[in-house]
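Here's the structure, in structure tokens; my notes come after.
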Amino acid sequence: MITSVLVANRGEIACRIFRTCRELGIQTVAVHSDADENALHARVADRAVRLPGAAPADTYLRGDLIVKAALAAGADAVHPGYGFLSENPGFARQVLDAGLTWIGPAPEAIEAMASKTRAKELMGLEPLTEVTGKDLPVLVKAAAGGGGRGMRVVRHLDDLDAALKSARAEAASAFGDGEVFVEPYVENGRHVEVQILADTHGTIWPLGTRDCSLQRRHQKVIEEAPAPALSDELREELHTLAVHAARAVDYVGAGTVEFLVADGTAHFLEMNTRLQVEHPVTEAVFGLDLVAEQIRVAEGHALPADPPRARGHAVEARLYAEDPARNWTPQTGTLHRLTVPESVRLDTGFTDGDDIGVHYDPMLAKVIAHAPTRAEAIRRLAAALDRATLHGPATNRDLLARSLRHEEFTTARMDTGFYDRHLPALTSPTPDPHAPLAAALADAATEGDPRFGGWRNVHSQPRTRRYATAGEEHEATYRHTRTGPEADGVTVVHADADLVVLEVHGVRRRFEVTRYGPHRYVNTTHLTALPRFPDPTTQQTPGSLLAPMPGTVVRVAENLKPGSPVQAGQPLLWLEAMKMEHRITASVPGTLTALHVVPGQQVEPGMLLAVVQPG
């Protein structure tokens, strides 16, 4: 019987596994990098072991150090979570060779399916070895790992070599394996997968389907179970193929078989030999704890002959610290506050006051809603996102809520090209028009008489305060009167430092105001207070390319140097931040007149990287 589990992972998944272990009476051990010294998963575990360094290659990808940590902490089992070494057969063997229990499939099964090229061969499929114009578009894909890393869509043959090089670099950084392959790219397909659970006694459960079609950069954003709008015949085919894949490798534990579905046909993608990020929707529908089942299977227990009955519908949304309107740019900083209504499930690796750094994936949390019907689950999740408190770096919260309410999603007509078609509309700013006024009144209250905001008992000139939100500036104008503050077209019912109540056209609205330095959170609107007399704007040289985020320069375009001619849109250098590569491209055609960085250099937001002289 397992008594102590080390989770060879970090963040949300480590915290989620620890939660189940505590419920089962199992001790927990965390490993953490130096960057994660104060991370939530390191704080909530019974014991924690340091992995010196910050980069994944030095820490969470070091199987030898993790096994050593498990032995030192007295753990008798290792759970890999997802990502990092979760699908590395060599790591599984290291765990077993050390006399520890591996909570996952046998190394041989991982080996057979961990390489997507070998998995396709096992399913009777072959990757493309020579790409011609007739094969386009194609997808360059990492043979190891997942999560959209090491994937590139290629639509022009001239872009293939660059895509291969970029994908190899990203895959090697994320998984320690730079092998990539090329396969046909199925346009406008749905991403559908089957959750399986298998024991050591020959029982395999196909635990229904999930739809994960809403993706950005080939990473899932919204997932649901069961996958809607599938025929009974196709659903049964998917289950059969998934069980076949599991039996082909004598699979044990939890795993997922993924497909692209187009025109009623299922195209095998891969088998993930681990727990998936989206496993909570299956748990909600089947009333299971998949982590608990993984542990029981690892202890040798047999599954019942038949899985539990599915009930209702579940939808999950991934909250990322990123700005979808700026090419999904990752965001860093302090997460001041994160709460969601009790009507939904929250899985997170962060708590109030934690820092969001540059070294790892920008996912903050998963929010999961379960209800008797799909429409009710969607409505519940969208409303919970609307009501969530998110104080800190920019997130994709508004995008998620709008996506859930989009007609293509509500009518189950979405596919993997959803954001390619709709991102501009889904990210257009719609700030609350009364939020700046509420912030101004609350700010005024903090600077005067706390009993009533410092209003003078005589008529005064209008007061103006300026705020920025969604890249735009807004002015809020109000005045003090004998009866209190007033603003044109708005009745100020109440105003103090934390709460403002306004009445507009007979309708009263409450605005809760929270401050962190210059930042104001007025309900769900984020405002930045601007100085009354701003300093003169620092002028940048025309054509300046600034770092959009903190990160590391991993590559500079070949033969690029001052004096090189460049074209608009040409990639000049690549930054790595939060385990993803980000291209810095020339915005105009011209000549490179300055290059201020070299590979390996750390950069901060706003740092000058290069200058392109237009012309």
Side-chain angles (χ1 to χ4, degrees), residues 331 333-343 352-353 382-395 397-398 401-402 428-535:
Q331 305 292 299
T334 301
L335 180 65
H336 298 290
R337 192 174 182 198
L338 169 60
T339 63
V340 298
E342 294 181 356
S343 59
D352 297 356
L385 290 168
D386 286 341
R387 298 187 177 104
T389 301
L390 279 165
H391 296 170
T395 72
R397 183 257 299 275
D398 292 344
R402 293 180 184 183
S428 60
T430 55
D432 189 320
H434 297 107
L437 175 60
L441 295 171
D443 282 349
T446 65
E447 299 165 4
D449 183 347
R451 293 172 298 175
F452 199 57
W455 317 122
R456 295 186 298 171
N457 203 28
V458 294
H459 185 76
S460 64
Q461 294 297 315
R463 307 291 180 90
T464 299
R465 293 176 184 259
R466 299 166 54 246
Y467 300 90
T469 181
E472 299 179 355
E473 292 189 14
H474 300 268
E475 281 192 351
T477 302
Y478 61 93
R479 62 175 57 86
H480 300 307
T481 71
R482 293 175 178 174
T483 58
E486 68 174 28
D488 293 341
V490 177
T491 300
V492 182
V493 178
H494 174 85
D496 63 34
D498 305 311
L499 176 67
V500 174
V501 180
L502 303 178
E503 185 173 301
V504 183
H505 303 307
V507 178
R508 289 191 178 187
R509 294 187 56 200
R510 294 168 55 89
F511 296 87
E512 295 183 1
V513 183
T514 310
R515 297 169 192 76
Y516 307 94
H519 301 287
R520 309 288 185 266
Y521 292 89
V522 183
N523 292 347
T524 60
T525 300
H526 177 200
L527 302 169
T528 302
L530 300 176
R532 184 178 179 186
F533 301 108
D535 294 332

Taking atom types as modelled and ignoring hydrogens, do the side chains of Tyr521 and Arg337 form a donor-acceptor contact shorter than 3.5 angstrom?
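Distance-only check fails for Tyr521 and Arg337.
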Locate the shortest heavy-atom distance separating [X] from [Y]; write the atom from each residue and the value.
X	Y	value
Thr524	Ala388	CG2-O, 4.2 Å
Pro429	Glu472	CG-OE2, 4.5 Å
Thr469	Pro431	CG2-CB, 3.9 Å
Thr446	Ala497	CG2-CB, 3.4 Å
Thr477	Pro462	CG2-CB, 3.7 Å
Ala529	Arg520	CB-NH2, 3.9 Å

If we ignore hydrogens and angles and just use 3.5 Å, is the side chain of Tyr467 paired with the main-chain N or O of His519 as donor and acceptor?
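Checked: no pair found.
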Please confirm whether the backbone N or O of Arg397 pairs with a side-chain atom of Thr395, one donor and one acceptor, at under 3.5 Å?
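A pair under 3.5 Å: yes.
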Nearest 0.5 Å, please: how far is [atom2] in [Y] from [atom1] in [X]?
X	Y	atom1	atom2	answer
Leu441	Asp496	CG	CG	10.5 Å
Leu385	Arg402	CG	CZ	12.5 Å
Tyr516	His526	OH	NE2	10.0 Å
Thr528	His474	OG1	NE2	11.0 Å
Thr491	Leu502	OG1	CG	9.0 Å
Asp398	Thr430	CG	OG1	6.5 Å

For atom CZ of Arg387, is the number of surrounding heavy atoms from other residues, nucleotides or ligands below 6.0 Å larger than 12?
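Incorrect, the count does not exceed 12.
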Within a strict 4.5 Å, meaning less than it, do heavy atoms of the [X] and [Y] side chains meet?
X	Y	value
Leu499	Phe511	no
Val513	Asp498	no
Glu473	Leu530	yes
Glu512	Asn523	yes
His494	Val500	no
Arg479	Glu486	yes

Could you please spell out the steps behind the side-chain contact (heavy atoms from CB on, under 4.5 Å) verdict for Asp443 and Arg515?
CA-CA 9 Å; Asp443 282 349; Arg515 297 169 192 76; 2.9 Å; yes
Would you sort out whether Val501 and Glu503 count as a side-chain contact (heavy atoms from CB on, under 4.5 Å), showing the intermediate values?
CA-CA 7 Å; Val501 180; Glu503 185 173 301; over 6 Å; no
Not counting sequence neighbours, which residues clear side-chain hydrogen bond (donor to acceptor under 3.5 Å, both in side chains) with Asp386? List them please.
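By the side-chain hydrogen bond (donor to acceptor under 3.5 Å, both in side chains) rule, Asp386 matches Arg405.
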Mind checking salt bridge (charged side-chain N to carboxylate O under 4.0 Å, His left out) for Asp432 and listing every partner two or more places apart, or none if nothing turns up?
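Salt bridge (charged side-chain N to carboxylate O under 4.0 Å, His left out) check on Asp432 returns Arg509.
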